[in-house]
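Below is one structure, written out as structure tokens; comments come after it.
Naming convention: chains lettered A, B, ... in sequence-line order (proteins, then strands); numbering from 1 in each chain. Every value quoted in this text rests on a predicted model; they were computed, and no experiment measured them.
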Number of protein chains: 2
Amino acid sequence: MPDKQEAANKQRQTGKQDNGPLRLDRFIPYRLSVLTSRVTGRLAREYESVAGLQLPEARVLTVLGFFKPISSNAIVQHTSMDKATVSRAVARLIRLGLITRKPDPTDRRLLVLGFTPRGQRTYDRLTSRARAWEAWFLAELKPSERAGLERILARLARRLDGATLG
Amino acid sequence: MPDKQEAANKQRQTGKQDNGPLRLDRFIPYRLSVLTSRVTGRLAREYESVAGLQLPEARVLTVLGFFKPISSNAIVQHTSMDKATVSRAVARLIRLGLITRKPDPTDRRLLVLGFTPRGQRTYDRLTSRARAWEAWFLAELKPSERAGLERILARLARRLDGATLG
DNA sequence: CGATGGTCGTTCCAAGTGAAACGGTTGTCA
DNA sequence: TGACAACCGTTTCACTTGGAACGACCATCG
């Protein structure tokens, strides 16, 4: 405890952070990771209770609802999910009768996905719940803060799309 | 494509989002999730190349460096990592000769963790690299934006610490 | 004391993950 | 055309994960 506090104070005074213990409470990747894992955990419970879906299935359904019609591979691009994970989630959703899959006539490597009527209803319930949860989650943010957050997330996302640079 | 664009425009006009497809490009949990998984992936590659560590081990090392001395369970609290995952990461780090573990004299349920000299050096290299990467990652943000991001992350994290509420 | 309920960390086991290999398809270029 | 590289989606396989059970330990209360 003295170690930590001392280092923290010192760094707060100098404003530098070039050596000494990494200030986790200021390290953005760490904070993003912890926050996101908690957010995802909450949403996963919602998805489970609303529709009995696990996270990969729910994510595929959500992305599909927005981008449909779309191929599995495009879902991978959008979400950074693993190729195999998406493939299995799609298989389960088909087995559950929630989505359809048919070959693209112009490129038979692609299998384009869509909703069944039941899938559409499940999607509606799911997104309604997701929106409600998000509203609760963000309720303490002022509109300007929310806008700021959105802008920053967009900027950071773009940063990672660019050069690999190490 | 027309579906999506139409809905998007309509929602942009009304400012509402109470029904219709969920606007993924505005859904914060989704954006957090995608961004974080990409950030984590990059950092994981850093950790691997610098010290041959996989993500859970690197995270334990990082948290340990900041909070040391600390028990496994406290690491779980801080990171939201799984208990078993931390247990195994600790075991590997010990096997690698990077950290030490001894029972707390006042409560022998607790095993307090610390660095070996080699672990300290590994930690230094690791955090130095992590800091450099973060600096690159955040370079496009103005200081005010970075401060705003930190404040918002703190506020959102606190929101999840409170009541379970669903 | 002794019993009971709670916490810490490990281990077991079923389930999920990701790297790699695969079959199938497309586009290119000679 | 035929050879070849690139790409899509699936499957396989080794590994990791997380829920549950477990042993060890502590605190409380009768």
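- When each of A:A84 and A:R108 is assigned the nucleotide of DNA chain C bearing its nearest heavy atom, the one mapping closer to the 5' terminus is A:A84.
- The separation between B:R95 atom CZ and C:dT10 atom C1' is 13 Å, rounded to whole Å.
- When rounded to the nearest whole Å, the span between CZ of B:R59 and P of D:dT16 equals 17 Å.
- Looking at A:R88, its side chain comes within 3.5 Å of the base of C:dG18 through a donor and an acceptor atom.
- In this structure, of C:dG9, D:dG9, D:dG19, it is C:dG9 that holds the atom nearest to the side chain of B:L110.
- Comparing atom distances between the B:R109 side chain and each of D:dG9, C:dT17, C:dG6 picks out C:dG6 as nearest.
- Whole-Å rounding puts the A:K83 NZ to D:dC13 P distance at 18 Å.
- Ranking C:dA19, C:dT25, C:dA21 by closeness to the A:D82 side chain, first place goes to C:dA19.
- Side-chain proximity of B:T85 to the nucleotides C:dG18, D:dT17, D:dG9 is greatest for D:dT17.
- If you measure from atom CE of A:M81 to atom C1' of C:dG16, you get 12 Å, rounded to the nearest angstrom.
- The aromatic rings of B:F115 and B:Y123 sit tilted relative to each other, their planes meeting at an angle between 30° and 60°.
- Not one side-chain nitrogen or oxygen of B:R92 sits closer than 4.0 Å to the OP1 or OP2 atom of C:dT10.
- Rounded to an integer number of Å, the gap from CG of B:L113 to C1' of C:dC8 is 12 Å.
- For A:I75 and D:dG9, the CD1 to P distance is 9 Å, given to the nearest whole Å.
- For the pair B:T36 (side chain) and B:L32 (backbone), a donor-acceptor distance under 3.5 Å is present.
- A:K102 has its NZ atom 15 Å from the P atom of D:dG9, to the nearest Å.
- Taking atom CD on B:E48 and atom P on C:dA19, their separation rounds to 11 Å, with Å as the unit.
- Mapping A:D107 and A:P56 onto DNA chain C by nearest heavy atom places A:P56 at the nucleotide closer to the 5' end.
- At the phosphate of C:dC8, neither OP1 nor OP2 sits under 4.0 Å from any side-chain N or O atom of B:S72.
- Checking the phosphate oxygens (OP1, OP2) of D:dT10, a side-chain nitrogen or oxygen of A:R101 falls inside 4.0 Å.
- A cation-pi contact, defined as under 6.0 Å to the ring centre and within 45° of the axis, links B:R159 to A:W136.
- The residue A:N73 sits close only to the backbone: its heavy atoms come under 4.0 Å of sugar-phosphate atoms, none of a base.
- Side chain of A:T116 to main chain of A:L98: a donor-acceptor pair is present (N/O by atom type, distance under 3.5 Å, no hydrogens or angles).
- When the nucleotides D:dG18, D:dT11, C:dT7 are ranked by their closest atom to the side chain of A:S87, D:dT11 comes out on top.
- Residues A:Q54 and A:R59 are not in side-chain contact: their nearest non-hydrogen atoms beyond the backbone lie 4.5 Å or more apart.
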